[in-house]
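Each remark here refers to the structure printed beneath this line.
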Number of protein chains: 2
Amino acid sequence: MDMPAPTGVTANCRRMSSVLSLIGDKWTVMIVMVLIERPRRFNDIKRTIGGISQQMLTRTLKALDRDGMVNRTVHPTVPPQVEYALTELGYSLAEPLRALGAWAGAHLEEIDGNRVRYDTVKGDELGKSAF
Amino acid sequence: MDMPAPTGVTANCRRMSSVLSLIGDKWTVMIVMVLIERPRRFNDIKRTIGGISQQMLTRTLKALDRDGMVNRTVHPTVPPQVEYALTELGYSLAEPLRALGAWAGAHLEEIDGNRVRYDTVKGDELGKSAF
DNA sequence: CTGTATCCCTCTTGATACTG
DNA sequence: CAGTATCAAGAGGGATACAG
């Protein structure tokens with residue numbers, strides 16, 4: 001190994017990369033957050049989230065099932081009912097997610113202000129002496 | 001307001017949606033993590049991350065600047081040197097990000113195992129009585 | 001109700017070349 | 001070195017129709 005003193009940063013990058021492909025898409029996070037409250041059935045999740053297509057919900061739930069984040073329970077009734085519940089692993093993700101949500105709540109407004117200011121400055125930049 | 005008892009879940013969803021468009025792409029997160037250690041110059045960041053195109057770096061840094069997550073300092077030398085440093089806001093995001101990284105470190109292996117098992121089971125499913 | 005398959009379109013991203 | 005512009009390619013995601 002001839003890498004020049006990685007300082008651990010690169011390693012962290014790789015790790016984050018894996019997490020991000022896991023929770024990087026919004027639907028995954030949304031579903032986890034919805035299921036934190038209680039287990040729900042397919043269309044229940046769909047309605048609660050709102051704006052998610054049937055296909056994306058199916059896909060994301062399947063991925064979460066595969067990762068062991070949710071449990072998929074089929075009740076052999078007619079019509080079929082399928083209930084999704086977070087596993088222990090799923091709940092454990094909920095924790096850092098909540099931290100992120102808290103951060104959002106604390107800073108989203110500030111960021112929005114920053115954007116407005118940035119855009120305003122950019123807009124005035126060309127003619128700032130003409131104020 | 002005639003919404004049927006949102007239970008807070010929907011509100012959380014909307015909030016998370018905002019965060020995710022913020023940090024949802026891997027480059028944003030990577031850059032923040034790289035800058036946690038110390039401020040860096042453009043190509044320094046590029047080299048440290050590795051695998052990011054010049055354009056994506058430029059774009060992402062601009063977005064981070066706009067959001068007030070990083071400070072962009074131009075040293076009027078020749079050739080020009082531009083240094084990027086996290087702002088207080090940037091550092092505050094680093095915190096929940098670290099939590100997420102910790103979660104990843106603790107569970108990524110487990111998830112990987114889950115996937116292998118899932119895929120194996122799926123493969124054997126058609127002949128599961130052959131157990 | 002739950003899930004699959006198909007089509008299609010948009011957005012993202014990388015590669016490349018060029019400017020200050 | 002830092003940044004911009006243009007183009008092409010691929011993934012992501014929605015709508016729809018259909019199946020179990």
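Note on naming: letters A, B, ... go to the chains in the order of the sequence lines (proteins, then strands), and numbering restarts at 1 for each one. Bear in mind that the values here come from a model prediction, so they are computed numbers and not experimental data.
Applying the side-chain hydrogen bond (donor to acceptor under 3.5 Å, both in side chains) test to B/E95 and every residue at least two apart in sequence or in another chain returns B/R98. Looking at residues two or more places apart in sequence or on another chain, you find no side-chain hydrogen bond (donor to acceptor under 3.5 Å, both in side chains) involving B/E83. A/W27 pairs by the side-chain hydrogen bond (donor to acceptor under 3.5 Å, both in side chains) definition with nothing, not counting sequence neighbours. Residues passing the side-chain contact (heavy atoms from CB on, under 4.5 Å) test with B/A63, sequence neighbours excluded: none. With sequence neighbours excluded, no residue forms a salt bridge (Lys or Arg N to Asp or Glu O under 4.0 Å) with A/R47. For B/D67, the salt bridge (Lys or Arg N to Asp or Glu O under 4.0 Å) partners at least two apart in sequence or on another chain are A/R115. With sequence neighbours excluded, the residues forming a side-chain hydrogen bond (donor to acceptor under 3.5 Å, both in side chains) with A/S92 are B/W103, listed by chain and number.
In the helix from C/dC1-D/dG20 to C/dG20-D/dC1, the rotation axis of the first five pairs and that of the last five pairs differ in direction by 40°, rounded to 10 degrees.
Taking all atoms of both residues into account, the shortest heavy-atom contact from B/L108 to A/L22 is CD1-CD1, 4.0 Å.
Going from atom CZ of A/F42 over to atom C1' of C/dT4 covers 11 Å, rounded to whole Å. Here the C1' atom of nucleotide C/dT13 and the CG atom of B/D25 are 11 Å apart, to the nearest Å.
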- Decide yes or no on side-chain contact (heavy atoms from CB on, under 4.5 Å) for B/E110 and A/L89, but give the supporting numbers first. CA-CA 9 Å; B/E110 178 183 357; A/L89 181 60; 3.7 Å; yes
- Steps toward side-chain contact (heavy atoms from CB on, under 4.5 Å) verdict (A/I31, A/L57): CA-CA 8 Å; A/I31 290 173; A/L57 182 55; 3.6 Å; yes
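For DNA chain D, the neighbouring residues in residues 56-65 of chain B, judged by any heavy atom under 4.0 Å, are B/T58, B/K62.
Counting atom types as modelled, B/Q55 pairs no side-chain N or O with a base atom of C/dT16 as donor and acceptor under 3.5 Å.
Between the A/T87 side chain and the A/N71 main chain, no donor and acceptor come within less than 3.5 Å of each other.
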What nitrogen or oxygen pairs link the protein and nucleotides 17-20 of chain C at under 3.5 Å?
none

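Sorted pairs that involve residues 54-101 of chain B and meet ring pair (Phe, Tyr, Trp, His ring centres under 6.0 Å), not counting sequence neighbours, are lacking altogether.
Contacts between chain B and DNA chain D, taken as any atom within less than 4.0 angstrom of a protein heavy atom, begin and end at D/dC1 to D/dT6.
Distances shorter than 4.0 Å separate none of the side-chain N or O atoms of A/Y84 from OP1 or OP2 on C/dC1.
Ion pairing of A/D44 with A/R38 is present here, as a side-chain N (NZ or NE/NH1/NH2) and a carboxylate O approach within less than 4.0 Å.
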